[in-house]
2 protein chains.
Amino acid sequence: MVIPSDQTQSAWCALYRVHKIFHEQVEAELKAANLPPLTWYDVLWELEKTEHCGLRAYELQPKLLLPQYGMSRILTRMEAAGLIQKQECPEDGRGQVLGITEAGRTTRAKMWAIYGKLMHDMLGAKLSEEETTTLAALLNKLAK
Amino acid sequence: MVIPSDQTQSAWCALYRVHKIFHEQVEAELKAANLPPLTWYDVLWELEKTEHCGLRAYELQPKLLLPQYGMSRILTRMEAAGLIQKQECPEDGRGQVLGITEAGRTTRAKMWAIYGKLMHDMLGAKLSEEETTTLAALLNKLAK
DNA sequence: TGAAAATAGATGCAGTTGCATTTAAATGCA
DNA sequence: TGCATTTAAATGCAACTGCATCTATTTTCA
């Protein structure tokens, strides 16, 4: 029976706690500003970054670590909200090419005003530059 | 307009990614072993720790960072599953005192066999002791 | 004391998720 | 070529969540 060390348990719990605090705060402020949830931000951002080449749903999915059906439903809602558009894909009749709309760009910018500020207030402002770099490096070691 | 630094953004994203990877892996392995979700573990653990004094739902709630209705529903399900029991509270007719059952203890132990192992494999084994301590310290700075 | 305020907990409803399956198109290969 | 396999995406269903509200007690304090 493997028992994780005290430091391991402490780091694990802190990771969970910090994530939860961050996440709920962001969602709460987005909602209070009548903006969509954080997942939508990631979709909008990916689409804005790759606007030229046109992204497919199945390409987006692994980037956001979402299940296939989750991706499908988010895209349906986002299209209904007018933030993205799905165009028929000429090379593949099963699929679609995703694009961000003008409204999508605007919404993403509004979201970033809130999201970016919280990222700074809750993380950036609480650690020194060096500490932040260390934290990112340690976390990245765990992400593989 | 506040823009978080690159390190801040990098740390933030890594935090989200690592949390998601960890969480999904744990949930998947628990489910594969026919065990309840992780939240239940926390409830069981808190109850096991404070067995002597008897915990109330409203005391448990802030520990687990759950909303009131979330707590209420989890406790209903866990009681239905026979893992905890709610007793009438002598000092407060509105409330109940929570206790873990024998089945609850057994289930928690089974869950820990999986959870603890993953905690070690995914976190403890990937960092040195010193790194783990640093990570915990940095995260704890953020949790306030 | 007794009426208003606060607290413990449950619940109806609408929206969201996980899972399994389905539809439809593309690919592989005998 | 033509049938089996794989892949892209959607969806029915049951379980779960957030929100607001409700019930039942307990506390407060005029």
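Letters go in sequence order (proteins before strands), and every chain restarts at 1.
- Among the nucleotides D/dT25, C/dG9, C/dA25, the one closest to the side chain of B/D92 is D/dT25.
- In this structure, the CG atom of B/L38 is 15 Å from the P atom of D/dC16, given to the nearest Å.
- Within the structure, every side-chain polar atom (N or O) of A/K86 is placed at least 4.0 Å from both OP1 and OP2 of D/dA9.
- Summarising the base pairing, C/dA30 is matched to D/dT1 through a Watson-Crick or G-U wobble pair whose two defining distances lie under 3.5 Å.
- In this structure, the NZ atom of B/K31 is 14 Å from the P atom of C/dT17, given to the nearest Å.
- Spacing between atom CE of A/M78 and atom P of D/dA9 amounts to 15 Å, rounded to whole angstrom units.
- Comparing C/dA8, D/dG18, D/dA9 by their closest approach to the side chain of B/Y69 singles out D/dG18.
- For A/K86, the NZ atom is densely surrounded, since the number of other residues' heavy atoms within 6.0 Å is greater than 12.
- B/R73 comes within 4.0 angstrom of a nucleotide base, judged by non-hydrogen atoms across all strands.
- Salt bridge present: B/K141 and A/E131 bring a charged side-chain N and a carboxylate O closer than 4.0 Å.
- Using a 4.0 Å heavy-atom cutoff across all strands shown, B/Q68 reaches at least one base atom of the nucleic acid.
- Looking at the side chain of A/R77, the nearest of the listed nucleotides C/dC19, D/dA8, C/dT17 is C/dT17.
- Spacing between atom CG of A/L30 and atom C1' of D/dG18 amounts to 16 Å, rounded to whole angstrom units.
- Contact of the A/I21 side chain with the B/L142 side chain is not registered, since no non-hydrogen atoms from C-beta on lie closer than 4.5 Å.
- Between B/Y115 and B/W45, the ring centre distance reaches or exceeds 6.0 Å.
- The side chain of A/R94 has D/dT6 as its nearest neighbour among C/dC19, D/dT6, C/dA8.
- Environment of NZ in A/K20: crowded, with over 12 heavy atoms of neighbouring residues, nucleotides or ligands closer than 6.0 Å.
- Whole-Å rounding puts the A/L55 CG to D/dA9 C1' distance at 15 Å.
- The CD-C1' distance, from B/E88 to D/dT26, rounds to 16 Å in whole Å.
- You'll find that the side chain of A/S72 is closest to D/dT11, out of D/dT11, C/dA24, C/dT7.
- Toward the 5' end of DNA chain C, the nearer of the two residues A/G93 and A/G70, judged by each one's closest nucleotide, is A/G70.
- As rounded to whole Å, 21 Å separates atom P of D/dA24 from atom OH of B/Y58.
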